[in-house]
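Structure first, commentary second.
In listed order, ligands and their atoms are each counted from 1. In this chain, numbering begins with 1 at the start of the sequence shown. The structure presented is a predicted model; accordingly, all values stated were derived computationally and were not measured.
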Amino acid sequence: MSSQPFTLKWGILATGGIAKTFTKDLLIDPSTRNVTDIRHEVVAAASSSSTSRAQDFLTDVGAPSSAKAYGSYANLAADKNVDIIYIATPHSHHYQNARLCLEAGKHVLCEKPFTVNAEQTKILIDIARKRKLFLMEAVWTRFFPLAREVMQFVGEGRLGEVKRVWADLSFWNDVEKEFGTGHRMVNLDLAGGALLDLGVYSLTWVFQILYHLQPLPRTPPIVSSTMTKYAPTGCDSQTTVLLTFPSSGAHAIASTSLHISSVPSPSHPSATPAPVRIQGTLGELTIASPIYRPTSYTLIPASNAKRGKLADFEYATKEFEVEGGGHGMFYEADECARCVRDGKGESEVCPLEESLEVMRVMDGVRGAGALVYPGGLESVEFPLEV
Ligand SMILES: NC(=O)c1ccc[n+]([C@@H]2O[C@H](COP(=O)([O-])OP(=O)(O)OC[C@H]3O[C@@H](n4cnc5c(N)ncnc54)[C@H](OP(=O)(O)O)[C@@H]3O)[C@@H](O)[C@H]2O)c1
């Protein structure tokens, strides 16, 4: 392998909240997290509203002065200097934006949820495979050192047979006051709602443990669900998904809400139940909040009055620090760089087939709850103004 790090040249599509966080992380020197084989360069950003908004964004995040600002997403997609595009628009627009970039021959990292429905995700996957481009849903959680360690622990069978996973991501919002009807979290025109925005993280933990760790070929879950709507707009405000994984018989409960919180009182963390519980025959592994940016887990060995301790591990809590003073979005970016460098079309940690399966589950849950997004949001037509 060359001693020179591989450089991945990024274009940033959209200039909102998460685009800013992600791009700032890209600009952190990878050596601060002991990464020396790859590096990132921010070479361009685009805003759908104006070039000056894109320029302000680049200045704000501290991008190099050579980075180009575009006032249209199409111009960014056409920039020959860009290798990969990070899509950070509301999910209503992911299909159109990601397809624009793939059709222009760019690798793509697309924010979660991948698209509005599974049919759209499948088309993006087909295009990427046909054109030999890298594509990944930006499920950054999967790349945290904690997530890698938990996956290894469970994968080695240390918890015994995993029989059940609970996962919740709920925000205690005064949702009417905070979001009203226009905010993307609740706006149907932006594919708002708890399931697609937050519930996807609950499903991520369920899928990592009960789907990803299955021997191949993996068997998808049997799903039932219940959903409550947010009256002012009709999106879902509370959704609970019950999953059975037929190959192991394991159950999962994935929940999300805009009205209650996974962390009801941040000043009393010890009184907060763990939002992720992975329950095995030899004990339990719990993950503390926030589950999308996980930095603490606890091992609880099972014991039996007659047989004593069953597990080969002790009760312990392990804390992680996000390195380099960043938010932790660089871990997924590093994966993109390594995959592109190695000519891989997808990540083994966040495989396309798994993103598609999660989208299928969410389609089924929305179907059962009669949650349909309006206009062309569910369409696969391209190009389409949404
Ligand atoms: N990974 C995470 O932790 C995380 C956290 C938050 C959000 N997300 C995901 O990231 C995506 C964006 O979320 P965000 O919080 O960054 O949203 P945001 O702050 O509202 O930013 C979205 C950006 O998209 C662009 N955009 C294009 N068409 C738009 C339209 N019709 N309405 C509104 N914005 C439009 C705008 O940028 P221009 O004007 O420059 O084009 C806007 O600034 C969502 O899919 C969300 O689920 C992920």
In a simple table, one pair per line, please give the protein and ligand 1 atom names for every N or O pair closer than 3.5 Å, along with the distance.
| from | atom 1 | to | atom 2 | distance (Å) |
| --- | --- | --- | --- | --- |
| ligand 1 | 1 (N) | Glu111 | OE1 | 3.2 |
| ligand 1 | 1 (N) | Glu111 | OE2 | 3.3 |
| ligand 1 | 1 (N) | Trp140 | NE1 | 3.3 |
| ligand 1 | 1 (N) | Tyr201 | OH | 3.2 |
| ligand 1 | 3 (O) | Trp140 | NE1 | 3.2 |
| ligand 1 | 3 (O) | Tyr201 | OH | 3.2 |
| ligand 1 | 13 (O) | Arg184 | NE | 3.2 |
| ligand 1 | 15 (O) | Arg184 | NE | 3.2 |
| ligand 1 | 15 (O) | Arg184 | NH2 | 3.1 |
| ligand 1 | 16 (O) | Gly17 | N | 3.3 |
| ligand 1 | 16 (O) | Ile18 | N | 2.9 |
| ligand 1 | 17 (O) | Arg184 | NE | 3.2 |
| ligand 1 | 19 (O) | Gly17 | N | 2.9 |
| ligand 1 | 37 (O) | Thr15 | N | 3.4 |
| ligand 1 | 39 (O) | Ser47 | OG | 3.4 |
| ligand 1 | 39 (O) | Ser49 | OG | 3.3 |
| ligand 1 | 39 (O) | Arg53 | NE | 3.2 |
| ligand 1 | 40 (O) | Thr15 | N | 3.3 |
| ligand 1 | 40 (O) | Thr15 | OG1 | 2.5 |
| ligand 1 | 40 (O) | Ser47 | OG | 2.8 |
| ligand 1 | 40 (O) | Arg53 | NE | 3.4 |
| ligand 1 | 41 (O) | Ser48 | N | 2.7 |
| ligand 1 | 41 (O) | Ser48 | OG | 2.6 |
| ligand 1 | 41 (O) | Tyr73 | OH | 2.4 |
| ligand 1 | 43 (O) | Gly16 | N | 3.3 |
| ligand 1 | 43 (O) | Arg53 | NH2 | 3.0 |
| ligand 1 | 45 (O) | Thr89 | O | 3.3 |
| ligand 1 | 45 (O) | His91 | N | 3.4 |
| ligand 1 | 45 (O) | His91 | ND1 | 2.9 |
| ligand 1 | 45 (O) | His94 | NE2 | 3.2 |
| ligand 1 | 45 (O) | Lys112 | O | 3.3 |
| ligand 1 | 47 (O) | His91 | ND1 | 3.2 |
| ligand 1 | 47 (O) | Lys112 | O | 3.0 |
| ligand 1 | 47 (O) | Lys112 | NZ | 3.0 |

| task | Given salt bridge (Lys or Arg N to Asp or Glu O under 4.0 Å), test Arg184 with Asp197 step by step and report yes or no. | result | CA-CA 9 Å; Arg184 69 162 188 81; Asp197 207 286; 2.4 Å; yes
| query | Got more than 12 heavy atoms from elsewhere within 6.0 Å of NZ, Lys122? | reply | no
| task | Work out which heavy atom in Glu111 is nearest to a heavy atom in Met329; give both atom names and the distance. | result | OE2-CE, 3.7 Å
| Taking every non-hydrogen atom, the tightest pair across Trp10 and Leu8 | CD1-O, 3.3 Å
| Would you call Lys68 and Asp79 a salt bridge, taking side-chain N to carboxylate O under 4.0 Å as the test? | no
| task | Please list all pairs passing the side chain to side chain donor-acceptor pair (under 3.5 Å) test where one or both residues lie in residues 140-160, with sequence neighbours left out. | result | Trp140-Tyr201, Arg142-Glu354, Glu149-Tyr297, Glu149-Lys318, Gln152-Glu156, Arg158-Asp312
